[in-house]
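Here the structure comes first, spelled out in structure tokens, and everything after it is commentary.
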Amino acid sequence: MGTESTIADEFKELKTVVIRFAGDSGDGMQTIGERFTDSSAAFGNDLATFPDFPAEIRAPAGTIPGVSAFQIQFGSTEILTPGDAPDALVAMNPAALAVHLRDLTEGGMLVVNSAAFTEANLKMADFESNPLDDPELTSKYELIQVDINHFTQESLKETELTAKDKLRCKNFFALGFMYWIYSRPIDNTIDFIREKWSRKAPALAEANITVLKAGYYFGETTETSRNRYMVAKAEVEAGTYRKISGNEALVLGLIAGAEKADRKLLYSGYPITPASSILEMLSNYKHFGVKTVQAEDEIAAIGVAIGGSFAGNLGITGTSGPGMCLKAEFIGLATSTELPLVIINVQRGGPSTGLPTKTEQSDLLQAVYGRHSDAPIPVIAANSPSDCFETAIEAVRIALTFSTPIIVLSDLYLANGAEPWRIPSMDGIDEIKKPIAEEGGNYTTFARDEDTLSRTLAIPGQKGNEHRIGGLEKDEGGSVSYDPDNHEEMTHIRAEKLKRIANSFPPTKVLGEKSGKVLVLSWGGTYGSITAAVSAMQAEGFSVSSVHLKHLHPMPNDLKDIMDGFDQILVPELNMGQLDVLLRSQFLVDTVAYNKIQGQPFKVKELTKKIHELLQD
Amino acid sequence: MGTESTIADEFKELKTVVIRFAGDSGDGMQTIGERFTDSSAAFGNDLATFPDFPAEIRAPAGTIPGVSAFQIQFGSTEILTPGDAPDALVAMNPAALAVHLRDLTEGGMLVVNSAAFTEANLKMADFESNPLDDPELTSKYELIQVDINHFTQESLKETELTAKDKLRCKNFFALGFMYWIYSRPIDNTIDFIREKWSRKAPALAEANITVLKAGYYFGETTETSRNRYMVAKAEVEAGTYRKISGNEALVLGLIAGAEKADRKLLYSGYPITPASSILEMLSNYKHFGVKTVQAEDEIAAIGVAIGGSFAGNLGITGTSGPGMCLKAEFIGLATSTELPLVIINVQRGGPSTGLPTKTEQSDLLQAVYGRHSDAPIPVIAANSPSDCFETAIEAVRIALTFSTPIIVLSDLYLANGAEPWRIPSMDGIDEIKKPIAEEGGNYTTFARDEDTLSRTLAIPGQKGNEHRIGGLEKDEGGSVSYDPDNHEEMTHIRAEKLKRIANSFPPTKVLGEKSGKVLVLSWGGTYGSITAAVSAMQAEGFSVSSVHLKHLHPMPNDLKDIMDGFDQILVPELNMGQLDVLLRSQFLVDTVAYNKIQGQPFKVKELTKKIHELLQD
Amino acid sequence: MATETIEENPLTKKDFVTPNDVRWCPGCGDYAILNSLQRTLPELGIPKENYVVVSGIGCSSRFPYYMNTYGFHTIHGRAPTVAAGVKVANPDLSVWMITGDGDGLSIGGNHLMHALRRNININILLFNNRVYGLTKGQYSPTSPVGTRTKTTPTGSIDNPLNPILFALGAEATFIARTIDTNPKHMIETFKAAQAHNGVSFVEIFQNCVIFNNKTWDPVYGRQSRDDNMLFLKEGEPMVFGKEEKKGIVWNGSQPEVIPLGDATPEEKGVMIHTPDRPGSLYTAMLAEMTHPEFPTPVGTLRQVEKPTYDAQIQDQVQEAIDSQDGKPDLQGLVNGANTWII
Amino acid sequence: MATETIEENPLTKKDFVTPNDVRWCPGCGDYAILNSLQRTLPELGIPKENYVVVSGIGCSSRFPYYMNTYGFHTIHGRAPTVAAGVKVANPDLSVWMITGDGDGLSIGGNHLMHALRRNININILLFNNRVYGLTKGQYSPTSPVGTRTKTTPTGSIDNPLNPILFALGAEATFIARTIDTNPKHMIETFKAAQAHNGVSFVEIFQNCVIFNNKTWDPVYGRQSRDDNMLFLKEGEPMVFGKEEKKGIVWNGSQPEVIPLGDATPEEKGVMIHTPDRPGSLYTAMLAEMTHPEFPTPVGTLRQVEKPTYDAQIQDQVQEAIDSQDGKPDLQGLVNGANTWII
Ligand SMILES: Cc1ncc(C[n+]2csc(CCOP(=O)(O)OP(=O)(O)O)c2C)c(N)n1
Ligand SMILES: Cc1ncc(C[n+]2csc(CCOP(=O)(O)OP(=O)(O)O)c2C)c(N)n1
Ligand code: SF4
Ligand code: SF4
Ligand SMILES: [Mg+2]
Ligand SMILES: [Mg+2]
């Protein structure tokens, strides 16, 4: 149960705690998870969260597919993941218990809404008997049964709400109780409820506040013998913070990138989990000149973005794996015409429709090779929710500076997960300088910058720069050319241009010593767990370092040297070994792949175990 | 000039000769190339041909983009390619000369239609002066100027044809003359003309025959001092032969495969160069129960094929690179649902629309990795026009036996090229045994064969076997499953199933010694040039062997051992090194890539030069 | 021919129910449609094993999982292609294709259009809830202008498609409309669709309780349905309203609503429903009749006969086979016309 | 607004000709269309640099290479999406989209349909030669049933699309038809298309000399054109035939051809062409008029006003900008509503 330290007064002080709220998707678990997060953030903890939605919009209440959960890890130290396993589980009904109990740490706290353990509900959750009657439950966990329904209704008996509406407040009872257990402030939440609902539904807002308090006082009055915990403020860098999810950060980064490059942003997408919210959020930023188009499909979406880029906007499109398949042909066109274009893939589980609401990082090889012919384009990846901001800006930088389409890989875990973020100063962000061609007719379509090999765009509306582009092979002047030598030359230029992008990368950061026994080499959303595992082992004195790549294609120029400094290279991925294929073919290095394909992030302990194995070899 | 051997009588005897006919696309170059091929085949030479069409349907007459050419190599020894460079070039107009002269062997024979070297034509071909007046031409080549227009018209002056129609026969004059030079029989061609045109246009047929003979006798009567050549019959295996192009062979192989598997063939495609003719040819074989659908696009085409496979047909679709991009999402569905499906990609130059009428083998990595997620499916490739037949049958075997989609890679060079083919006995071809499930309801959708891990299909119309499939992850029973462990297991099964396919491959053939200094490792349409180069060097005693892969994913189990027997591995490809990426990542071997990206096949001499370089290292 | 001999044990609705839990939101209109199709299929005289249900992706497209028939949940927008492949491979099958307004008209519009124009003999049910359900509530190609959703916070600006007019633009041979709140009408409509020899396109007004609740209430809500819906019946006059006291007449260039008073429809010259007119004008007229100006018509809007794609492909193959004598000769085929012997 | 100030040196056709050799087959109808567009653009009062020509893939789609404007030869079937992106990025541009019957109606049908229904203010020219030219002569979605091509050796079996009806199914706001043999009519039609504020869909009957020669001769051939073509002019009666001695009347439920004899069209009640009717019936009627029963109409078949997609997107953005005071605050945006300071 967390990392226990000193016992102060009646409180146990913990360094980190992992809590999971689980219930029916109608029970409001995401809402209270968000509230718990905000008050912990405001209190000053570092934290990371991960919501886990059901695949169905609203599966029948009480069923297993209908279970919705929200996990948060918060602490007084740096928090990199939402946590391996919950120290405390709140289960609002039997189905939630059925799905989530197996993850609860032994000895962990288990809060259940006993009222929900009716025969009908038990049956829907495939329980043959009531698990609360199982003595093992009490011996293995700190079981706290609360008739949440009853107390909720009791506390609202003075109000005029219907019985159904009363019961809808029960999530706040659970939240209040957990606030009490973890000695969190509740004012923050009260303010939030007032602000959000007072106007639309004042009676409900007040009811929620009443129930929240009831939950809190329930702890205080009836459970004085109960353990309570304290988690101190985290020692983090001073600054202004906000909470941010991956897709939010991506959206803000795109807008910031476009501003820094002085281009109008044109985003065109087609809804798909977990990328839809990028389109949704961007459509709220019209006052930044952002134009959004909900296209008829993913092909159209990228086509609109390409048209936008041709006409001088910064064209951006985003999707998930199945949509990436559909964009392949157009990516080839953008590659051939060398137009700037940002293509975002928020990855999810596959193949095919796969596991649309689970995370996976299995579209890397598609990003690198998923088009016909030799059509090289850069690929970069975000590594944490807040890092999506920087990654988006980096994508805009590369796309414009090198006049190239670029693929940005994020994933469902990053997109939906959230963490506190120390907000950078916008003035501190470099401008992205790649002007369009001068007007007046001295324009050569594929004339190139000597260093970057990038071409310069001329855009419709510019006098004298009229020109034609297209998907047929062409010569420097932009004329269609079937000449064999020209084709070979253009193909080499495209390849070389990709390579040159690596010259613009900062030196690769190594976490830990620059040489040693094991280097953990990774990319994408696994950053948090890997960094947590490696840091912990470094603190224990083990010879392990890690490098987490943002730039996957091309890879950094200094990577080979870094790899050479280690005896073994461990490549953990949430796929069957895709970075591994790239590393092996590019560096001929006998890496050790470590793969998990369960639609779920790595646990820190899975990684430490694996690293230990390697160290013992 | 060819491989000169003995001089018999007035004839020089040659082992091999390469001739290229070039003229305007309206000049009938393909027609006479085909005739020359047929009479050489009937005569008993081995041969290989390659037509080179312009990208435009019919570019303006006389222009450079309008040039059409046909190359044939024939010989008394085994012929593996259409030849590096022509020993004789027939140029019907200045544009043809402009495009093709640079390829002619020094000292080679250059036959030009002097009548076409008018000022207008010279201008269209960008000549500033008449190249025929250039003394270098006569010194460098054996220049034969013939006023073909004049002789053609002269020989037809008795007929009632219009002047225009008369001139349309001029290609046969050139053919007749070349027949005389290379002492070919002309009866065969006369028969052909009669059979083909006598009914529709008897006057034209007779005119063509007259002109053909005129060309032949023109040699005999006016050019007695001219060198003439003999190419003896080839010593090839006894049997019944036919001439066959790659797409023809593919079509016949698909039909044969379907027959041997006792499945109805349903082919669905969308026209695209150079795959269109597969759809076109198959639509003529309805009497074999073949159904063809010209779909609205490539996505629909594969969808129809998948629907056909689900309903118990053998679903097949074919396209080229851009179309492959569009099929990616559906390939993922077929992978997830494990339906048999053959997907043919006749490759052409890219990226994007690229060089649609030029060859390239640059879609290998797309075939292997061009879908989101871990979605492994087999990939095989044909290596010569006639080998497309066996490759098609192999594809059908793998698709059905392993219940999997499979990608077959061919290319424009194979598709359009032709060679003589010793027709195998259909009785000698193994049956493909993979029955569908028994009727009656004991059906488990993803129950697997122990050896192959293949599932068995039950098809609509079967009593009691009703079941549902789809793209979501599912368990063995076929029910949708979001279970983490199940997903991991299914992912591993899909990967393992792919691997098992390699257990069904025959031992890999090595051309030459099993160990030595250089192994040339290659795939696809480069087989001919590589085999020619390697055999020639072996004959000269060099330590070089070659392995040409048909199975690219998975690769043969014995390949690693073979590679280990050589000091160096040379991987020549018509791309930027795609097999090379696969070899490096799978075997961690430091191969030497040799790449040509000119839309043209390797020349034998390019390869021997490269191999020599390696041997000297 | 999808109709074979009747089963010995007559089929019932239960035969078409799978053990899988149905996972739509409680109150979703999809339940009623499922129920109605499960009640329809046993009555069509088609052996159960000859049914195939094919869908794309969307809430609606989960449908095949709940039908105890052969089923294929394919990918987004592409169901018409797979359904076509199934039907071409085996024309004996009764193929039901399920799609949504996003699946069928946004990403899948082209395939749907080509399936319609080709007249492939399948039954297409388009669940129109005017929203993307599965991806949680973005606007769709049938959402009215001004619809505010997550992706259109200031209102959508694209003109919606009229699915009937769209189908008519492709000259679909059977076009119908029904509503999720009227099982009887759904069942009738489904039967008519199956009876039609050719492609059948059925738009179903479907309610999404979560993201677009009551979107069709102005048409079929208890308050409005009498005045805002017109039940079309072949050969019968177009009357509607409480006690059928209103009728539609043709004024020479467009339809008009008139009160009947005490007159009979005949007396007032009320139009007789004739869905079998070969041209498109009549159906175009119906397609554009919409509330509040007109009652929205439901029922079979168009039914004309044309040869089907699947039958013709079969015929061409059969003719080719018949024109040969005996079993086709594979060796002969492979040999081709020009061989030589060495 | 694509119209700005007129150039000082008036533009001429020559300004729109590229040095590139035109590479269509000699005799191809595409030449005449190119010529006509090159003659139209200088007359529209739009600066040359504001023209963008976007195409898909096909013989017809080579068009941009021959127009000395900004041009984009995209990929097969997808031109409407790129054209939409260009127009949304910069509504000041005059965007001309070139497509073929295969490019636009086979692979690209969906994008075309959505561009039409969204009413994006671009001009779409569909070159209909009823065949796939570039891939050497396969049948297309507009080829009549029974067309024998390389892929349909025993005749095609799919019902062709009627491009006008298709566009109408998407409720396109401007629909016209013209022919490659009549430059004057083409130029008029192109001008009308540009003048229309909204999406303009123009079907052009185009001859492919190589793979489908004379396919339109029954309509516009010297022998047939008088009787088989109807030149529509807004506000004028529908008369045709040698010396305009025939007219079209509406018999209450459908059009009819009548001889005028010596009577005036007015006397005979000949229909007056009114392309601006809001509903679809009128255009549906025209769309279905086809030889030999009727003369095939050319000209503007429909023109109605609706707000355009590109203008509205711009308006929404502008409104959002105006609703802020001052330049948008990037730091404020990134900070969001809930921050805390440590
Ligand atoms: C290629 C692809 N793009 C996007 C999606 C995401 N997606 C799934 S369903 C859907 C729309 C569903 O809308 P509709 O067809 O109206 O069905 P409903 O859910 O409303 O029944 C979308 C966009 C996907 N699965 N695949
Ligand atoms: C994805 C893709 N599929 C197929 C093709 C091949 N292709 C090129 S043009 C064309 C059809 C052209 O027909 P149409 O649009 O009528 O133009 P036309 O040549 O007749 O002017 C096809 C199928 C392609 N280039 N890309
Ligand atoms: S989201 Fe809407 S359409 Fe989807 S299941 Fe729920 S109610 Fe039905
Ligand atoms: S093939 Fe036909 S459409 Fe294409 S350029 Fe030639 S004549 Fe024109
Ligand atoms: Mg919907
Ligand atoms: Mg065409």
Side-chain angles (χ1 to χ4, degrees), chain A residues 38 41-42 44 236-243 252 255-256 259 264 266 268 285-291 293 295-297 299-313 315 329-330 333 389 423-427 460-472 479-480, chain D residues 18 20 47-55 57 64-65 67-90 92-93 95 110-111 113-114 309 313-314 316-324 328 330-331 333-342:
Chain A
D38 279 7
V236 291
E237 217 181 324
T240 305
Y241 281 77
R242 63 169 288 180
K243 196 187 53 164
L252 297 178
I255 296 175
E259 287 277 318
K264 293 271 170 255
L266 170 52
S268 176
Y285 297 131
K286 297 193 170 63
H287 51 292
F288 278 84
V290 172
K291 280 163 287 191
V293 172
E296 59 270 26
D297 65 10
I299 301 178
I302 185 172
V304 168
I306 287 175
S309 282
F310 178 60
N313 279 193
E329 194 193 1
F330 251 135
L333 179 68
F389 181 80
I423 305 167
S425 154
M426 291 303 105
D427 296 337
Q462 286 192 303
K463 250 203 166 72
N465 288 351
E466 289 86 354
H467 67 283
R468 273 75 43 204
I469 58 173
L472 289 163
S479 298
V480 172
Chain D
T18 59
N20 304 51
K48 181 176 162 219
E49 62 271 17
N50 277 7
Y51 286 114
V52 185
V53 184
V54 179
S55 69
I57 300 284
Y65 289 124
M67 292 291 300
N68 194 358
T69 61
Y70 287 95
F72 204 157
H73 180 229
T74 72
I75 53 177
H76 196 33
R78 317 300 174 186
T81 70
V82 174
V86 169
K87 187 72 184 177
V88 165
N90 184 356
D92 287 343
L93 302 171
V95 180
N110 202 39
H111 306 302
M113 187 262 279
H114 285 281
Y309 185 85
I313 211 169
Q314 222 61 28
Q316 289 195 340
V317 166
Q318 199 54 51
E319 266 166 42
I321 291 172
D322 294 347
S323 74
Q324 304 285 110
L330 182 61
Q331 188 72 52
L333 171 78
V334 171
N335 287 0
N338 290 305
T339 56
W340 64 92
I341 292 171
I342 289 177

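In what follows, chains carry the letters A, B, and so on, assigned in the order in which the sequence lines appear, proteins first and then strands, with residues in each chain numbered from 1.
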Report which part of [X] has an atom under 4.5 Å of a heavy atom belonging to chain D: side chain, backbone, both, or neither.
X	value
A:F330	both
A:S268	neither
A:A300	both
A:S425	both
A:V480	side chain

Top of D:T74, D:I57, D:D322 for chain A proximity - count of heavy-atom pairs under 4.5 angstrom: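 Counting heavy-atom pairs under 4.5 Å, the top option is D:T74.
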
Selection from D:N90, D:T69, D:N68 maximising heavy-atom pairs under 4.5 Å formed with chain A: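 Most pairs with chain A among the choices: D:T69.
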
Name the option with the most non-hydrogen atom pairs under 4.5 Å to chain D; the candidates are [options].
options	value
A:G239, A:A238, A:G308	A:G239
A:S479, A:G303, A:A305, A:G470	A:G303
A:N465, A:I302, A:V293	A:N465
A:E237, A:K264, A:E466, A:M426	A:E466
A:I299, A:I306, A:L266	A:I299

Calculate, to the nearest 0.5 Å, the distance between atoms [atom1] and [atom2] belonging to [X] and [Y] respectively.
X	Y	atom1	atom2	value
D:L330	A:E259	CG	CD	5.5 Å
D:H76	A:L333	NE2	CG	14.0 Å
D:Q318	A:K286	CD	NZ	13.0 Å
D:M113	A:E296	CE	CD	8.0 Å

[X] portion near chain A, given a 4.5 angstrom heavy-atom threshold:
X	answer
D:Y51	neither
D:V52	side chain
D:M67	backbone
D:Q314	side chain

Residue among D:N50, D:V95, D:L93 satisfying side chain to side chain contact (heavy atoms under 4.5 Å, CB included) with A:P460: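 Option passing the side chain to side chain contact (heavy atoms under 4.5 Å, CB included) with A:P460: D:L93.
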
When you compare the side chain of [Y] with that of [X], does any pair of heavy atoms fall below 4.5 Å?
X	Y	answer
A:R468	D:T18	yes
A:F310	D:V54	no
D:H111	A:D297	yes

Which atom of D:A89 lies closest to which atom of A:K291, heavy atoms considered: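 Heavy atoms of D:A89 and A:K291 come nearest at O-NZ, 3.4 Å.
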
Pairing residues for A:H467 by the ring pair (Phe, Tyr, Trp, His ring centres under 6.0 Å) criterion, not counting sequence neighbours: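 Listed in chain order: A:Y443, D:Y70.
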
Would you mind writing out the side-chain donor-acceptor pairs for residues 333-342 of chain D within the sub-3.5 Å range, not counting sequence neighbours?
unit_1 : atom_1 : unit_2 : atom_2 : d
D:N335 : OD1    : D:Q331 : NE2    : 3.2
D:W340 : NE1    : A:A41  : O      : 3.4

